[in-house]
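I have placed the structure first, in the form of structure tokens, so that the comments after it can refer back to it.
Every number for a ligand or one of its atoms is a count from 1 in the order of the listing.
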Amino acid sequence: MFDLVIIGAGPAGLTAAIYAGRARLKTLVLEKLSPGGQVMLTDSLENYPGFPGGITTKELIERLVQQVEDLDIEIELNQIERIEKANGFRLNSQDNKEYQAKAVIIATGAQPKKLDCVGEDKLRGRGVSYCAICDAPLYKNKEILVVGGGDKAVEEALYLKRFAKSVKLIHRRDKLRATAVLQERILNHKSIEIIWKSVIKQIQGKERVESIIIQDVETKLERKISIEGVFVSVGVAPNTEFLKEIINLDELGYILTDETMRTSCLGIFACGDCRKRPLQQVITACSDGAVAAVACCKYLEEN
Ligand SMILES: Cc1cc2nc3c(=O)[nH]c(=O)nc-3n(C[C@H](O)[C@H](O)[C@H](O)COP(=O)(O)OP(=O)(O)OC[C@H]3O[C@@H](n4cnc5c(N)ncnc54)[C@H](O)[C@@H]3O)c2cc1C
């Protein structure tokens with residue numbers, strides 16, 4: 001029986017483990033792939049406080065893992081598929097292993113949805129980005145394109161215009177899904193071009209993105225556009241599918257919590273990108289992890 005099992009070893013889960021370890025909770029971290037989470041999709045972080053010039057994601061995660069292991073907390077590789085209430089909680093893994101814990105912190109994060117077009121994987125991090133806030137300064141005076149039609153895509157296009165030489169937005173429909181005020185802002189923006197009713201078929205480039213092939217969804221005609229950056233903003237999916245039965249999620253699947261990271265189920269806490277929150281970044285994931293672990297300690301003391 002563990003005091004606490006943390007599911008997910010991204011920045012949120014690892015930070016929760018550091019705080020839990022320092023509170024001397026008997027803690028286990030379970031991770032389905034390898035520690036690090038989404039940040040491992042990019043090479044460096046330039047906006048993490050305290051590291052002028054940036055820090056590589058590899059170094060930051062290695063340091064976090066070291067800090068967790070120094071507290072004698074194990075990070076075990078396994079994917080949790082089910083949580084049930086049973087004298088605390090029983091967690092079942094993909095390979096039918098069972099774990100028992102008095103409390104659980106969910107830190108399973110999210111993943112950006114991909115376009116699934118030719119060249120996307122090859123050029124990821126080399127002109128293909130999934131995070132405007134993270135990567136915008138790298139595209140100063142460059143010609144870029146944002147894919148999507150929702151709030152996030154429009155916000156990103158408007159934000160990127162502060163850096164880039166030119167911004168195009170490509171959307172598969174003839175109308176944006178974004179809220180009215182954002183639509184007005186982008187439609188009235190003289191220097192952002194919108195390419196309607198089109199999808200990206202291919203992203204091309206030897207070392208970095210050089211061009212894309214787009215297709216008109218009605219005429220099926222294809223054309224090539226020279227571009228230096230593609231920002232994919234077609235949605236993010238929280239890794240919460242397996243939690244539907246036990247805690248409340250919003251309509252997009254994000255976990256609903258209060259400000260101390262408590263979920264709708266007493267004894268289960270959630271932190272980081274898997275929960276509904278206004279900013280999905282490493283710094284806020286770490287902050288969530290710390291708050292969740294402290295709230296969890298309090299819960300264990302009181303129960
Ligand atoms: C390409 C890209 C670039 C980014 N750049 C920056 C940046 O420059 N600066 C910045 O601050 N933020 C950046 N972000 C955002 C940042 O990565 C996230 O906000 C942050 O990683 C969230 O941390 P997390 O721990 O909540 O979730 P995640 O990082 O998503 O970690 C969740 C972990 O849980 C594991 N997991 C999921 N389900 C299970 C399960 N069922 N069982 C066991 N384990 C599970 C996953 O494998 C993963 O390791 C970027 C994101 C992307 C995609």
Side-chain angles (χ1 to χ4, degrees), residues 5-18 28-51 54-57 60-61 64-65 68 75-83 91-95 97 99 104-114 120-121 123-138 152 156 229-244 246 253-255 257 261 269-292:
V5 167
I6 298 169
I7 312 174
L14 292 171
T15 306
I18 294 167
L28 175 70
V29 182
L30 293 167
E31 164 57 49
K32 74 171 174 186
L33 297 171
S34 60
Q38 290 168 75
V39 274
M40 300 314 280
L41 292 173
T42 187
D43 289 336
S44 66
L45 295 183
E46 302 206 344
N47 56 4
Y48 193 78
F51 294 97
I55 178 167
T56 64
T57 51
L60 181 70
I61 296 302
L64 274 168
V65 168
V68 171
I75 302 170
E76 184 178 318
L77 293 188
N78 217 334
Q79 176 170 346
I80 292 304
E81 290 201 321
R82 195 176 161 81
I83 306 179
L91 290 79
N92 292 94
S93 69
Q94 199 185 29
D95 59 1
K97 202 168 160 186
Y99 303 86
V104 177
I105 293 181
I106 295 157
T108 49
Q111 43 196 333
K113 289 187 189 155
K114 295 202 309 180
E120 181 180 16
D121 285 342
L123 294 166
R124 186 169 65 195
R126 289 186 287 147
V128 176
S129 169
Y130 299 85
C131 181
I133 290 185
C134 319
D135 295 340
L138 307 174
K152 187 160 173 271
E156 294 203 333
V230 175
F231 282 80
V232 181
S233 192
V234 293
V236 177
N239 299 318
T240 55
E241 186 63 26
F242 69 109
L243 300 164
K244 281 195 297 217
I246 191 148
Y254 288 95
I255 302 169
T257 69
M261 312 298 145
F269 301 78
C271 56
D273 280 13
C274 61
R275 82 173 185 102
K276 187 174 179 184
R277 63 199 190 116
L279 180 65
Q280 299 193 324
Q281 289 280 277
V282 174
I283 184 76
T284 49
C286 294
S287 159
D288 273 12
V291 174

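By the 4.5 Å heavy-atom criterion applied to side chains, Phe269 and Val291 are not counted as neighbours. Using a 4.5 Å cut-off on side-chain heavy atoms (C-beta onward), Ile255 and Pro238 make no contact. Between Ile7 and Ile83 the shortest side-chain heavy-atom distance falls below 4.5 Å. Under the 4.5 Å side-chain criterion, counting only non-hydrogen atoms from C-beta, Phe51 is not in contact with Leu45. Between Lys32 and Ser93 the shortest side-chain heavy-atom distance does not fall below 4.5 Å. Side-chain contact between Arg277 and Leu279 is absent, with no heavy atoms from C-beta onward closer than 4.5 Å.
Atom 20 (C) of ligand 1 has as its closest protein heavy atom Asp273 OD2, 3.9 Å. Taking atom 37 (C) of ligand 1 as the reference point, the nearest protein heavy-atom neighbour is Thr108 O, 3.2 Å. Of the protein's heavy atoms, Cys134 SG, 3.8 Å lies nearest to atom 50 (C) of ligand 1. Taking atom 3 (C) of ligand 1 as the reference point, the nearest protein heavy-atom neighbour is Thr42 CG2, 3.6 Å. The protein non-hydrogen atom at the shortest distance from atom 15 (C) of ligand 1 is Gln280 O, 3.8 Å. Of the protein's non-hydrogen atoms, Glu31 OE1, 3.6 Å is the one closest to atom 33 (C) of ligand 1. The protein heavy-atom contact nearest to atom 52 (C) of ligand 1 is Gln38 O, 4.2 Å. Among protein heavy atoms, the minimum distance from atom 45 (C) of ligand 1 is reached at Lys32 CG, 3.7 Å.
Ligand-side atoms of ligand 1 in range of Ala285: 22 (C), 23 (O), 26 (O), range being under 4.0 angstrom from any heavy atom. Interface of Val282 with ligand 1, defined as ligand atoms under 4.0 Å from a residue heavy atom, comprises 10 (C), 11 (O), 12 (N), 16 (C), 19 (O). Every atom of ligand 1 is numbered from 1 in the order shown, and the set under 4.0 Å from a heavy atom of Ala110 is 30 (O). Heavy-atom proximity to Gly109, at under 4.0 Å, picks out these atoms of ligand 1: 27 (O), 28 (P), 30 (O), 32 (C). Counting the atoms of ligand 1 from 1 in the order shown, those under 4.0 Å from a heavy atom of Leu30 are 43 (C), 44 (N). Taking every heavy atom of Pro112 and a limit of under 4.0 angstrom, the matching atoms of ligand 1 come to 53 (C). Atoms of ligand 1 lying under 4.0 Å from at least one heavy atom of Ala107, given by number and element, are 32 (C), 33 (C), 34 (O). Numbered from 1 in the order shown, with element, the atoms of ligand 1 that lie under 4.0 Å from a heavy atom of Ile7 read 40 (C), 42 (N), 43 (C).
With Thr108 contributing its side chain and Asn239 its backbone, the two residues share a donor-acceptor pair below 3.5 Å. Asp273 places no side-chain N or O within 3.5 Å of a backbone atom of Gln280 that could act as its donor or acceptor partner.
Of the N or O atoms in Pro11, one or more lie within a sub-3.5 Å distance of an N or O in ligand 1. Any N or O atom pair closer than 3.5 Å counts here, and Asn47 shares at least one such pair with ligand 1. Looking at Glu46 next to ligand 1, no N or O pair under 3.5 Å apart turns up. Residue Gln79 places no N or O, backbone or side chain, under 3.5 Å from any N or O of ligand 1. Considering backbone and side-chain atoms alike, Ser44 places every N or O at 3.5 Å or more from each N or O of ligand 1. Here's the thing with Ile80: one of its N/O atoms is less than 3.5 angstrom from an N/O atom of ligand 1. Among the atoms of Asp135, none of the N or O lies under 3.5 angstrom from an N or O of ligand 1. Distances between N or O atoms of Ala12 and those of ligand 1 include at least one value under 3.5 Å. Below 3.5 Å of separation, one finds no N or O of Tyr130 facing any N or O of ligand 1.
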Exercise. Assess whether side-chain contact (heavy atoms from CB on, under 4.5 Å) is satisfied between Leu14 and Ile75, documenting all intermediate values.
Key: CA-CA 9 Å; Leu14 292 171; Ile75 302 170; 3.8 Å; yes
Practice problem: Could you walk me through whether Leu123 and Val230 pass side-chain contact (heavy atoms from CB on, under 4.5 Å), step by step? | Solution: CA-CA 10 Å; Leu123 294 166; Val230 175; over 6 Å; no
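With Cys271, the cysteine Cys274 has an SG gap of 2.5 Å or longer.
The environment of CZ in Arg126 is crowded: more than 12 heavy-atom neighbours from other residues, nucleotides or ligands sit within 6.0 Å. Within 6.0 Å of atom CD in Glu241, 12 or fewer heavy atoms from other residues, nucleotides or ligands are found, so the atom counts as exposed in its surroundings. For Lys114, the NZ atom counts as densely surrounded, since its 6.0 Å shell holds more than 12 non-hydrogen atoms of other residues, nucleotides or ligands.
Taking a cutoff of 4.0 Å between a charged side-chain nitrogen and a carboxylate oxygen, Glu120 and Arg124 do not qualify as a salt bridge.
Residues Gln38 and Tyr130 bring no donor and acceptor atom of their side chains to less than 3.5 Å of each other.
In this structure, Asn78 has a heavy atom closer than 4.0 Å to ligand 1.
Residue-level proximity to ligand 1 for Tyr48 is absent, since no heavy atom of it falls below 4.0 angstrom. At a heavy-atom cutoff of 4.0 Å, ligand 1 is contacted by no atom of Pro35, backbone or side chain.
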